[in-house]
Asker: 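Below is the structure I would like to discuss, written out as structure tokens.
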Amino acid sequence: QVQLAESGGGLVQAGESLRLSCAASGRTFRSGAMAWFRQAPGKQREFVAAIKWSSGGATYYADSVKGRFTVSGGNAKNTLDLQMSSLKPEDTAVYYCAADGTIIVSSMRRPEAYDYWGQGTQVTVSS
């Protein structure tokens, strides 16, 4: 059984940094990708960042986080970190780790394209 577990969420002030981690158990995703999504109250789940292992570890970012967030993964292709810097109140959301074994690049920003999800971790940024 595949499980994804996030950790590292919390409450920080605007301008501070936070690091999220995700660990997958049950399989690796060498032929696919792992990603971070987030969902704020009353809003749809949105793409944040991803690594496509099958494309040599290429990384992808939402425009809203580019230059502030950095996604990275372990050599075993089953862990994913998100280093978040210069956090803003609008970054407040539940952050979810997602993974899929066969996803294609054109689908990576769509949450429905991922087969596996973690339970989420809350990130709150105060102003």
Asker: Counting distance only, does the side-chain N/O of K77 pair as donor-acceptor with the main-chain N or O of G32 below 3.5 Å?
Answerer: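 Not confirmed, K77 side chain does not pair with G32 backbone.
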Asker: Give me the atom names and distance for the closest heavy-atom approach of A113 to S107.
Answerer: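 That would be CB-O, 3.5 Å.
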Asker: Strictly by disulfide bond (SG atoms under 2.5 Å apart), give each pair with a member in residues 46-91 just once, sequence neighbours left out.
Answerer: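 Applying disulfide bond (SG atoms under 2.5 Å apart) to every pair that reaches into residues 46-91, excluding sequence neighbours, yields nothing.
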Asker: For Y96, enumerate each residue passing the ring pair (Phe, Tyr, Trp, His ring centres under 6.0 Å) test, keeping only those at least two apart in sequence or located in another chain.
Answerer: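 Testing Y96 for ring pair (Phe, Tyr, Trp, His ring centres under 6.0 Å), a comparison that skips the adjacent residues, returns none.
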Asker: Can you list everything that forms a side-chain contact (heavy atoms from CB on, under 4.5 Å) with A76? Sequence neighbours excluded, please.
Answerer: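 For A76, the residues satisfying side-chain contact (heavy atoms from CB on, under 4.5 Å) (neighbours in sequence not counted) are N78.
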Asker: Yes or no on side chain to side chain contact (heavy atoms under 4.5 Å, CB included) for S64 and R38, after CA distance, side-chain angles and deciding distance?
Answerer: CA-CA 12 Å; S64 59; R38 66 186 182 187; 3.5 Å; yes
Asker: Can you name the closest pair of heavy atoms from A33 and Y114 and give their distance?
Answerer: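 Between these two residues, the closest heavy atoms are O-CE2, 4.4 Å.
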Asker: Mind jotting down which residue pairs meet the disulfide bond (SG atoms under 2.5 Å apart) criterion with at least one end in residues 38-70? Sequence neighbours excluded, please.
Answerer: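 Disulfide bond (SG atoms under 2.5 Å apart) check on residues 38-70 returns no pairs.
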Asker: Aromatic ring centroids of F47 and Y60 under 6.0 Å?
Answerer: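 Between Y60 and F47, which both carry aromatic rings, the centre distance is not below 6.0 Å.
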Asker: Does the pair D63/K66 count as a salt bridge with the N-to-O cut at 4.0 Å?
Answerer: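 Salt bridge: yes.
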Asker: Sorted by first residue and then second, give each salt bridge (charged side-chain N to carboxylate O under 4.0 Å, His left out) pair with at least one member in residues 6-32; sequence neighbours left out.
Answerer: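 Checked against salt bridge (charged side-chain N to carboxylate O under 4.0 Å, His left out) - neighbours excluded - the pairs reaching residues 6-32 are R19-D81.
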Asker: To check you understand the geometry: which heavy-atom pair defines the closest contact between A14 and S127, and what is its length?
Answerer: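 For A14 versus S127, the nearest heavy atoms are CB-CA, 4.4 Å.
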Asker: Each residue besides L20 in its hydrophobic cluster should be listed here, by chain and number; the cluster joins Ile, Leu, Val, Met, Phe, Trp and Tyr at side-chain heavy-atom distances under 4.5 Å.
Answerer: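 Cluster partners of L20: V2, L4, V12, L18, F29, M34, W36, V48, I51, W53, Y61, V65, F69, V71, L80, L82, M84, L87, Y95, Y116, V123, V125.
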Asker: Should side-chain heavy atoms under 4.5 Å link Ile, Leu, Val, Met, Phe, Trp and Tyr, which residues sit in the same cluster as L11?
Answerer: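 Hydrophobic cluster check, L11: no partners found.
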Asker: Of all residues at least two apart in sequence or in a different chain, which pass the side-chain contact (heavy atoms from CB on, under 4.5 Å) check with Q122?
Answerer: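 By the side-chain contact (heavy atoms from CB on, under 4.5 Å) rule, Q122 matches T92, V94, T124.
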Asker: Sort and list the pairs that fulfil ring pair (Phe, Tyr, Trp, His ring centres under 6.0 Å) and have at least one residue in residues 1-24, not counting sequence neighbours.
Answerer: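 Applying ring pair (Phe, Tyr, Trp, His ring centres under 6.0 Å) to every pair that reaches into residues 1-24, excluding sequence neighbours, yields nothing.
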Asker: State whether the number of non-hydrogen atoms from other residues, nucleotides or ligands found under 6.0 Å of E112 atom CD is greater than 12.
Answerer: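 Enclosed: over 12 neighbouring heavy atoms sit under 6.0 Å from CD of E112.
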Asker: Measuring from atom OG of S54 to atom CD1 of I103, what distance do you get when rounded to the nearest 0.5 angstrom?
Answerer: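 Answer for the OG-CD1 pair, S54 versus I103, is 9.5 Å.
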Asker: Donor-acceptor pair, D115 side chain versus D100 backbone, under 3.5 Å?
Answerer: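 No, the answer is negative, given that no donor and acceptor are paired below the 3.5 Å cut-off.
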Asker: Please list all pairs passing the disulfide bond (SG atoms under 2.5 Å apart) test where one or both residues lie in residues 80-127, with sequence neighbours left out.
Answerer: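 Non-adjacent pairs meeting disulfide bond (SG atoms under 2.5 Å apart): C22-C97.
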Asker: Enter the distance from Q39:CD to Q44:CD here, rounded to the nearest 0.5 Å.
Answerer: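 One gets 8.5 Å once the value is rounded to the nearest 0.5 Å.
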Asker: Any pair with a residue in residues 30-71 that passes disulfide bond (SG atoms under 2.5 Å apart), sequence neighbours left out, goes on the list, sorted by first then second residue, please.
Answerer: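 Those involving residues 30-71 do not exist here.
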Asker: Does S86 have any side-chain contact (heavy atoms from CB on, under 4.5 Å) partners at least two apart in sequence or in another chain, and if so, which?
Answerer: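 Counting only residues at least two positions away or on another chain, S86 forms a side-chain contact (heavy atoms from CB on, under 4.5 Å) with R68.
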